[in-house]
Amino acid sequence: MPKTWGDQLPLQHDAPRTTSFRKPLAYILVLLGAAWFLSRNYVSEVITRPCRSHAPLSSEPKCPQVDPLIPSKSTKELDDMWDYLNSESFFNKSIERLSGAVKIPTQSYDDMGDVGIDPRWDIFHSLGNYLEESFPGVFKTLDVEKVNTHGLLLTWKGSDVGLKPTVLMAHQDVVPVPDATINQWTHPPFSGYWDGKFIWGRGASDCKNQLMGILEAVEALVHAGFEPKRTLVLSFGFDEEISGHRGAGELSKTLIKKYGHRGAAVIVDEGAANLKSWGANWAVPGVGEKGYVDVEVTVRMPGGHSSIPPAHNGIGVAAELISLIEANPWSPSLSDSNPYLSMLYCGAEHAPSFPSKLKHLLHHRPQHAHKDALALEAAKAGLDIRYLFTTSQAVDLISGGVKTNALPERTTFTINNRINVGSSVADILSHVARLFTPTAQKYNLTLHAFNNATETPNSLILRASDTALEPAPTTPTGPGTPFSILSGTTRALYGEDLLVAPGIMTGNTDTRYYWGLSEHIFRYRMGWDLEQEGLGNIHTVDEKIEGKAHRDAARWVYGFVRNMDEADL
Ligand SMILES: *[C@@H]1O[C@H](CO)[C@@H](O)[C@H](O)[C@H]1NC(C)=O
Ligand SMILES: *[C@@H]1O[C@H](CO)[C@@H](O)[C@H](O)[C@H]1NC(C)=O
Ligand SMILES: *[C@@H]1O[C@H](CO)[C@@H](O)[C@H](O)[C@H]1NC(C)=O
Ligand SMILES: [Zn+2]
């Protein structure tokens, strides 16, 4: 049995841990502030003002770091298996397996029809067969259920049915590769090409890495004769990239039926990558997700010949409304439950180059909470950071008019909103309605605000998309919660230089369907990719993942499942 897992991590320790500045770019962007930027733009006004108190932020730490957690119960087989997971043979094998999964193009398209009817789902049978061939131990030992044909639910029943299960998630589908971009790829998108450092291809990083990493770890546990006390559930959807209702939507219903409301101890799904900020390395498992709503706006105004136009027509009024939206953005706001507030406390307590202006504002947050000076200051770090605690609004679709010689009778546009923690779908709808009321009056348009009214001439109609989603409940991170198990597992694998702080996702994952199953939901990318910034070009050309990062996901799960098995929760 190794003294610490770190003793066993030569491949990790020779990696250039501090050379890359991680800056996740994609939709599940989770970042800490660019500390150097803030310090460069440092304004002395705040700290030169006399400070009422120089006491520390609080008498008790707001961001205590959990000690590395190594499973205490072991056997020779489990230790030998751990050695194997650290070997070059396993490294090679795990790359070969992921590469094979990437070669199966399980693309999910926005306009997919139902499973069993739209033939584009059939490719998921190939992936299902591939998983079964690749992980014979898992498929022989765990109960296998197919939910809505391609949803994969694997259950390893624990000996103590009184313990709530651990649930690990990933999705089997990938974002389509548009034909027009295929020749921009360095290696073909479904080649699974291994260049000695990276595995290339669509899905390599989102998220067949997670899918295969989980299965590799469980296969290893099966072969090492592990016998779980706590039930382990693997739940793999197949349409996450097109909202997840056929996969995760159905899987979550099955799970809630089996285990009941809050019946799972913990859920870990794809999510935020480890990153570097304020001079420190961070794991920032997502404990929250912003909400979502599209508002569709329709302007109905009289048509007629364009040679005798009125002063304003539907397109002009729509333009006025769009200008109003852009002129009235939401302000940054850090509610008590916003994970980014916790991240700031973690930075203030642990990071060497945390900006002193932010530290000062954190200290005085109770006095300034009403105008949220802290949020305004933190938002200066850039849009990536700002939108972790600010509702975003963007007009993304527009159409109106059919002919150059006819006035537009119907003009529509859509505002996409990502809702800040502490706000709600209802706040967004009333903001838009309030903003547009004077314009409706000015042009004598009847305002139908979110009342499902049928369209009438001379009206302004507002509708909310049925994909609306409230911000996710914030996962608890206090002592003795599953957050501690996740933190301890992560620090055991990567070392105590890696700090763990709560993170927040600006995008949504399949976990949106699982809120009822557990309050302990984490969106975390377990493999630490030290060779590239951010999330490895997910959703764009040249998606890839570092081989070592993929291997490490399996090692993380191998530890986490055992730690959860021993945890007294
Ligand atoms: C792993 O693969 C490399 C080639 O990528 C090969 O040189 C090496 O011998 C392999 N190691 C083992 C143990 O199979
Ligand atoms: C406003 O519209 C109503 C019907 O929608 C009409 O009766 C009224 O005359 C209009 N007023 C003006 C000032 O155009
Ligand atoms: C909206 O109106 C239609 C009929 O016009 C009705 O079928 C539907 O149930 C209504 N939806 C809601 C949410 O009220
Ligand atoms: Zn994904």
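Side chains are part of it too, since the values below use all heavy atoms of this structure and drop only hydrogens, waters and symmetry mates. As the structure lists them, so they are numbered: ligands from 1, and atoms in each ligand from 1.
- With 2.8 Å as the limit, H171 counts as an N, O or S neighbour of the Zn ion (ligand 4).
- Of all the atoms in ligand 1, the ones that sit under 4.0 Å from a non-hydrogen atom of N92 are 1 (C), 2 (O), 3 (C), 8 (C), 10 (C), 11 (N), 12 (C), 14 (O).
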Under 3.5 Å donor-acceptor pairs involving side-chain atoms of residues 103-116, not counting sequence neighbours:
residue	atom	partner	partner atom	Å
T106	OG1	Q172	O	2.8
T106	OG1	K208	NZ	2.9
Q107	OE1	V177	N	2.8
Q107	NE2	Y109	OH	3.2
S108	OG	D173	OD2	2.7
D111	OD1	R120	NH1	3.1
D111	OD1	R120	NH2	3.2

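- If you number the atoms of ligand 1 from 1 as listed, the ones under 4.0 Å from a heavy atom of E88 come out as 8 (C), 10 (C), 11 (N), 12 (C), 13 (C).
- Note that the CG atom of N417 and the NZ atom of K290 stand 9.5 Å from one another [nearest 0.5 Å].
- Annotation: side chain of E289 is in contact with side chain of T511 (closest heavy-atom distance under 4.5 Å).
- The distance criterion of under 3.5 Å between nitrogen or oxygen atoms is not met by S89 with respect to ligand 1.
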| request: Begin from the C-alpha positions of Y494 and W556 and carry the test ring pair (Phe, Tyr, Trp, His ring centres under 6.0 Å) through to its verdict. | output: CA-CA 9 Å; Y494 294 119; W556 188 93; 8.9 Å; no
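- Taking the N/O/S atoms of D206 in turn, the shortest distance to the Zn ion (ligand 4) belongs to OD1.
- Just one residue in the list V66, V500, N563 forms a side chain to side chain contact (heavy atoms under 4.5 Å, CB included) with S484, and that residue is V66.
- In terms of protein heavy atoms, atom 5 (O) of ligand 1 is closest to W194 NE1, 4.1 Å.
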Table please: side-chain donor-acceptor pairs of residues 134-146 below 3.5 Å, with sequence neighbours left out.
residue	atom	partner	partner atom	Å
S134	OG	Y130	O	2.7
T141	OG1	G137	O	2.8
E145	OE2	K258	NZ	2.5

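- Here the N, O or S atom of E270 that is nearest to the Zn ion (ligand 4) is OE1.
- Within the 4.0 angstrom cut-off, atom 13 (C) of ligand 1 has one or more protein heavy-atom neighbours.
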